[in-house]
Amino acid sequence: MKKKKNKGQIALHMVFLVLMAVYILPILVLIASSFTDETALIQNGYSLIPSVFSMEAYETAFRNPMKMIMAYGVNIFYTIAATALSTLVIALLAYPLSRDTFIWRKQLNFFVYFTMLFSGGLVPSYLLIRNILHMDDTIWVYIVPCLVSAYNVLIVRTSYRAIPNELIEAAKIDGAHELYICFRIIIPLSKASIASVSFLYLVDRWNDWMTSMLYIRNPDLYSLQYLLQKLLREAEALKNYASAGDASAVMPAETLRFAMALVAAGPVLMVFPFFQKYFTKGMTLGGVKG
């Protein structure tokens with residue numbers, strides 16, 4: 001029995017090693033490709049080790065370091081601010097939705113759920129943000145319009161409902177009011193779910209580029225993703241000019257694509273380990289009980 005158990009453990013470990021390789025190898029290929037010479041990459045293909053080491057892709061990406069630093073600053077500021085405000089609003093909104101004693105609970109639940117099925121569309125949103133709220137070309141356009149996610153509200157609400165009502169009743173007997181119960185009892189017991197939805201929202205905000213394309217005209221307010229996308233379009237345009245006979249317009253396009261992927265994803269990869277211990281538990285708790 002012990003030998004069979006050891007064989008089973010070895011087989012299980014082998015399966016997990018294969019799965020780990022499936023996830024890690026593409027990242028290693030991406031890193032190696034970003035440090036490979038453009039011509040060598042096209043001729044030799046992708047590999048785990050750069051065939052001809054080159055920093056040209058990163059030199060191209062950071063040819064204007066002040067613009068890149070400014071874009072990083074804009075991204076970091078609005079991502080942190082939007083995530084903090086969204087977490088607070090979602091945590092507070094989910095609380096009355098989880099309470100059976102709240103009179104308008106069913107109506108408000110339906111209103112939140114309805115926004116998951118239908119939205120106003122791009123044109124009404126554009127007119128609202130630009131002509132009524134006047135948030136275009138300001139840092140607030142990154143934060144306010146996407147402050148609440150109905151999906152995240154429902155996850156946190158479900159996590160709240162998994163908390164025994166006896167805790168709330170005991171707190172009320174001791175004289176606690178609703179805000180005290182929410183901040184001192186409900187939210188601390190649901191921090192796994194709240195941390196999970198916060199991380200999902202953080203990733204969504206960090207990867208946002210469409211907001212800059214639609215509403216931002218000031219280059220100092222460009223998000224990192226939009227700036228990198230703009231740089232990639234320029235590289236591809238120059239590559240087309242080079243293929244048409246303009247040799248002076250040669251610019252790395254393929255290696256630049258991989259370098260920009262690392263530049264854009266690096267901060268999120270560093271943040272994820274701090275949320276990992278909450279992520280699986282939080283999403284499981286949020287999806288167990290309706």
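What you are looking at is a predicted structure, and each value in this text was computed from that prediction instead of being measured. Sequential numbering from 1 along the given sequence is applied to the chain's residues.
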Quiz item: Is it the case that one hydrophobic cluster holds both Met116 and Leu122, taking links as side-chain heavy atoms less than 4.5 Å apart, direct or via other members?
Solution: yes

Exercise. Flag yes if more than 12 heavy atoms outside Leu117 fall under 6.0 Å of its CG atom; otherwise flag no.
Key: yes

Exercise. Considering non-hydrogen atoms only, spot the tightest contact between Ser51 and Thr36 and give its length.
Key: OG-CG2, 3.8 Å

Quiz item: Less than 4.5 Å apart, any side-chain heavy atom of Phe102 and any of Leu108?
Solution: yes

Quiz prompt | Verify same cluster id: Ile187, Ile185 (apolar side-chain graph, 4.5 Å) | solution = yes

Quiz item: Should we say atom OH of Tyr180 is surrounded by more than 12 heavy atoms from elsewhere, each under 6.0 Å from it?
Solution: no

Quiz item: Any side-chain heavy atom of Leu262 sitting closer than 4.5 Å to one from Tyr58?
Solution: yes

Self-check item: Verdict with reasoning, Ser34 to Thr255, per side-chain hydrogen bond (donor to acceptor under 3.5 Å, both in side chains)
Solution: CA-CA 5 Å; Ser34 69; Thr255 55; over 6 Å; no

Practice problem: Over 60° means perpendicular and under 30° means parallel, so classify the ring planes of Phe110 and Phe114, tilted if in between. | Solution: tilted

Quiz prompt | Between CZ on residue Phe183 and CD on residue Glu178, distance to nearest 0.5 Å | solution = 12.0 Å

Practice problem: I would like to know whether Asp136 and Arg217 meet salt bridge (Lys or Arg N to Asp or Glu O under 4.0 Å); could you show each step before the answer? | Solution: CA-CA 8 Å; Asp136 58 309; Arg217 298 180 300 277; 3.5 Å; yes

Self-check item: Within one Ile-Leu-Val-Met-Phe-Trp-Tyr cluster: Met260 and Tyr72, side-chain cutoff 4.5 Å
Solution: yes

Quiz item: Roughly how far, to the nearest 0.5 Å, is the CG atom of Asn152 from the CD1 atom of Ile194?
Solution: 11.0 Å

Practice problem: Locate the shortest heavy-atom distance separating Ala150 from Val112; write the atom from each residue and the value. | Solution: CB-O, 3.4 Å

Quiz prompt | Residue pair Thr138, Tyr215: steps toward the side-chain hydrogen bond (donor to acceptor under 3.5 Å, both in side chains) verdict | solution = CA-CA 8 Å; Thr138 66; Tyr215 304 109; over 6 Å; no

Quiz item: What pair of heavy atoms forms the shortest contact from Ile163 to Ile186, and how long is it?
Solution: CD1-O, 3.8 Å

Self-check item: Test side chain to side chain contact (heavy atoms under 4.5 Å, CB included) applied to Leu224 and Val74, step by step
Solution: CA-CA 8 Å; Leu224 177 66; Val74 170; over 6 Å; no

Practice problem: For the pair Trp206 (side chain) and Gln225 (backbone), establish whether a donor and an acceptor sit closer than 3.5 Å, ignoring hydrogens and angles. | Solution: no

Exercise. Check the angle between the aromatic planes of Tyr95 and Tyr160 and answer parallel, tilted or perpendicular using the 30° and 60° thresholds.
Key: perpendicular

Quiz item: So do the side chains of Cys146 and Tyr201 get within less than 4.5 Å of each other, counting heavy atoms only?
Solution: yes

Quiz prompt | hydrophobic_cluster_shared for Met66 and Ile76, side chain cutoff 4.5 Å | solution = no

Self-check item: Shortest non-hydrogen separation from Pro188 to Cys182 and the atoms involved
Solution: CD-O, 4.3 Å

Quiz item: Under 4.0 Å between a Lys/Arg side-chain N and an Asp/Glu carboxylate O for Asp100 and Arg161?
Solution: yes

Quiz item: Of all heavy-atom pairs between Ala32 and Pro50, which one has the smallest distance, and what is that distance?
Solution: O-CG, 3.6 Å

Quiz item: Can you tell me how far the OG atom of Ser98 sits from the CZ atom of Arg105, to the nearest 0.5 Å?
Solution: 9.0 Å

Self-check item: Audit row: Leu48, Leu25, side chain to side chain contact (heavy atoms under 4.5 Å, CB included) steps and yes/no
Solution: CA-CA 8 Å; Leu48 293 175; Leu25 286 178; 4.0 Å; yes

Quiz item: Any sub-3.5 Å donor-acceptor pair from Glu56's side-chain atoms to Asp37's backbone N or O?
Solution: no

Self-check item: Heavy-atom closest contact (Leu147 atom, Ala82 atom, distance)
Solution: CD1-O, 4.2 Å

Quiz item: Quick one: are Ser223 and Asp208 in side-chain contact, heavy atoms under 4.5 Å?
Solution: no

Exercise. Examine distances only and state if a side-chain atom of Asn218 and a backbone atom of Asp220 form a donor-acceptor pair shorter than 3.5 Å.
Key: yes

Practice problem: Could you grab the distance from atom CD1 of Ile90 to atom OG of Ser149, nearest 0.5 Å is fine? | Solution: 5.5 Å

Self-check item: Pair Ile168-Arg99, side chain to side chain contact (heavy atoms under 4.5 Å, CB included): steps then yes or no
Solution: CA-CA 10 Å; Ile168 299 174; Arg99 299 297 308 279; 3.7 Å; yes

Practice problem: Please check if any side-chain donor atom of Asn109 sits under 3.5 Å from a side-chain acceptor atom of Arg157, or the reverse. | Solution: yes

Practice problem: Would you check if Val148 and Ser86 make a side-chain contact, meaning some heavy-atom pair closer than 4.5 Å? | Solution: no

Quiz item: Shared ILVMFWY cluster between Leu221 and Ile69, side chains joined below 4.5 angstrom?
Solution: no

Exercise. Report yes or no: do Ser198 and Thr83 form a side-chain donor-acceptor pair below 3.5 Å?
Key: no

Quiz prompt | Student check: side-chain heavy atoms of Leu167 and Leu189 closer than 4.5 Å | solution = yes

Exercise. Working to the nearest 0.5 Å, report the span between CD1 of Ile49 and CD1 of Ile31.
Key: 13.0 Å

Practice problem: First locate atom CE of Met135, then atom OH of Tyr142, and finally report the distance between them rounded to the nearest 0.5 Å. | Solution: 14.0 Å

Quiz item: Do Phe258 and Leu41 pass the side chain to side chain contact (heavy atoms under 4.5 Å, CB included) test, and can you show the C-alpha distance, the side-chain angles, and the key distance before you say yes or no?
Solution: CA-CA 12 Å; Phe258 297 112; Leu41 181 67; 4.1 Å; yes

Quiz prompt | Student check: side-chain heavy atoms of Tyr151 and Leu154 closer than 4.5 Å | solution = no

Quiz item: Do Val156 and Ser190 come within less than 4.5 Å of each other through their side chains, counting heavy atoms only?
Solution: no

